[in-house]
Amino acid sequence: MIICVEDEQNICELEVYTLQSVGFEAKGCGSGKELFSELENNVPQLILLDIMLPDEDGLSILRRLRSDARYANIPVIMATAKGMEFDKVKGLDAGADDYIAKPFGMLEMVSRVRAVLRRCNNDKSQEQLLTYGELSVNTASHTVVVAGENIVLTLKEYELLKKFLYNPGIVFSRDKLLLEIWGYEFSGETRTVDVHIRTLRQKLGVAGEYIETIRGVGYRLSGK
Ligand code: CA
């Protein structure tokens, strides 16, 4: 199921109707409060999340999702006001998987939803246990363990970590990571990568040191 969080009722109904018409189960929520009460019953495949909402805005909702182990891995597409670069960057920093600028066409929305779901499903086709020093990642259960402790990562942090684990010793530029992890070119906004690397390192504790900064180039996994 896909949940559309949007307070403008006619837009919300149109999103839900469109997703249903192409075969998805979909449901609308008018606020963060409604979303979190829906999540108690149902964990969706994806959330389409508007930024401008009453009471609690979309970025704050996104941060809450990402800090809760039950919801941290749900793919989220943020709907931003047209041209608000700041929202876009903040959304990606806070762990959104993609964004779509309003007003958007329903066909564009469906193709973004499908693309994000496809990326998430591709991950599942390569299930195995990856280990490096104190670090182990089970790609079937999406669990990350450092020195025996379970670590909760957001989807993007998790994808970054997997990218390094599949390619130990290989240096990745920030641009390459943006393209491969976020799925599209987002020129000049490589700060998003640095922010995610920083939180990833913090969460990994002792294993955070394995992610090495190569000054002026990017990052690599080394030094276990
Ligand atoms: Ca709105």
Side-chain angles (χ1 to χ4, degrees), residues 1-124 154-156 159 178 181-187 189 192 195-196:
M1 188 186 58
I2 294 169
I3 297 183
C4 304
V5 188
E6 169 61 78
D7 58 311
E8 285 160 79
Q9 203 184 346
N10 54 341
I11 298 179
C12 190
E13 282 171 6
L14 184 59
E15 290 173 356
V16 168
Y17 171 81
T18 304
L19 288 167
Q20 287 172 343
S21 71
V22 297
F24 289 108
E25 267 186 77
K27 185 159 191 167
C29 288
S31 66
K33 191 161 177 266
E34 266 185 60
L35 171 67
F36 282 97
S37 99
E38 181 61 35
L39 290 176
E40 294 293 324
N41 309 314
N42 256 319
V43 174
Q45 297 165 268
L46 182 143
I47 298 173
L48 179 63
L49 179 58
D50 190 31
I51 287 198
M52 299 289 280
L53 293 166
D55 305 326
E56 183 176 12
D57 70 42
L59 284 170
S60 162
I61 293 170
L62 177 63
R63 291 198 184 91
R64 277 171 69 194
L65 289 168
R66 290 306 182 233
S67 62
D68 187 322
R70 292 170 297 171
Y71 313 133
N73 284 320
I74 302 173
V76 173
I77 300 177
M78 301 295 292
T80 70
K82 195 180 172 83
M84 293 193 67
E85 297 294 308
F86 181 70
D87 283 354
K88 185 170 86 181
V89 174
K90 293 275 269 192
L92 292 172
D93 285 355
D97 297 280
D98 201 355
Y99 73 94
I100 185 167
K102 287 171 101 174
F104 48 80
M106 288 300 118
L107 285 178
E108 186 188 0
M109 177 196 70
V110 168
S111 78
R112 291 294 183 92
V113 165
R114 285 190 172 135
V116 168
L117 290 176
R118 206 179 305 124
R119 289 209 299 273
C120 297
N121 289 335
N122 282 344
D123 290 348
K124 287 183 188 129
T154 67
L155 187 60
K156 290 302 174 203
E159 287 180 358
L178 261 182
I181 304 294
W182 278 263
Y184 50 80
E185 286 181 83
F186 191 37
S187 55
E189 292 302 347
T192 295
V195 169
H196 282 75

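Every pair passing side-chain hydrogen bond (donor to acceptor under 3.5 Å, both in side chains) that includes a residue from residues 19-36 is listed here, sequence neighbours excluded: Lys27-Glu38. The side-chain hydrogen bond (donor to acceptor under 3.5 Å, both in side chains) contacts involving residues 5-16 comprise Glu6-Lys102, Gln9-Glu13, where partners must be two or more places apart or lie in separate chains.
Under the 4.5 Å side-chain criterion, counting only non-hydrogen atoms from C-beta, Pro44 is in contact with Leu39. At a threshold of 4.5 Å between non-hydrogen side-chain atoms, the residues Leu35 and Tyr71 do not count as touching. Side-chain contact between Met106 and Leu14 is present, with at least one heavy-atom pair separated by less than 4.5 Å. Side-chain contact between Ile100 and Leu48 is present, with heavy atoms from C-beta onward closer than 4.5 Å. The shortest side-chain heavy-atom distance between Met109 and Ile77 does not fall under the 4.5 Å cut-off. Within the 4.5 Å cutoff, the side chain of Asp50 has no heavy atoms near those of the Val5 side chain.
Atom CD1 of Ile47 and atom CE of Met78 lie 10.5 Å apart (nearest 0.5 Å). To the nearest 0.5 Å, the span separating OH on Tyr99 from OG1 on Thr80 amounts to 7.0 Å. Taken to the nearest 0.5 Å, the OG1 atom of Thr192 stands 7.0 Å off from the NE2 atom of His196. Annotation: the span from Arg119 atom CZ to Ile181 atom CD1 amounts to 9.5 Å, rounded to 0.5 Å. Rounding to the nearest 0.5 Å places CD1 of Ile61 at 5.5 Å from CG of Leu49.
Distance alone, capped at 3.5 Å, places no donor-acceptor pair between the Asp57 side chain and the Ile51 backbone. Remark: the backbone N or O of Trp182 is not paired with any side-chain donor or acceptor of Lys156 at under 3.5 angstrom.
In terms of heavy atoms, Val116 sits closest to Pro75 at CG1-CB, 3.6 Å. Counting all heavy atoms, side chain and backbone alike, Ala96 lies closest to Leu62 at N-CD2, 3.7 Å. Counting all heavy atoms, side chain and backbone alike, Cys12 lies closest to Cys4 at SG-O, 3.9 Å.
With respect to the salt-bridge test (charged N to carboxylate O, under 4.0 angstrom), the residues Arg114 and Asp98 do not qualify.
A search for side chain to side chain donor-acceptor pair (under 3.5 Å) contacts involving Arg64 returns Glu56, not counting sequence neighbours.
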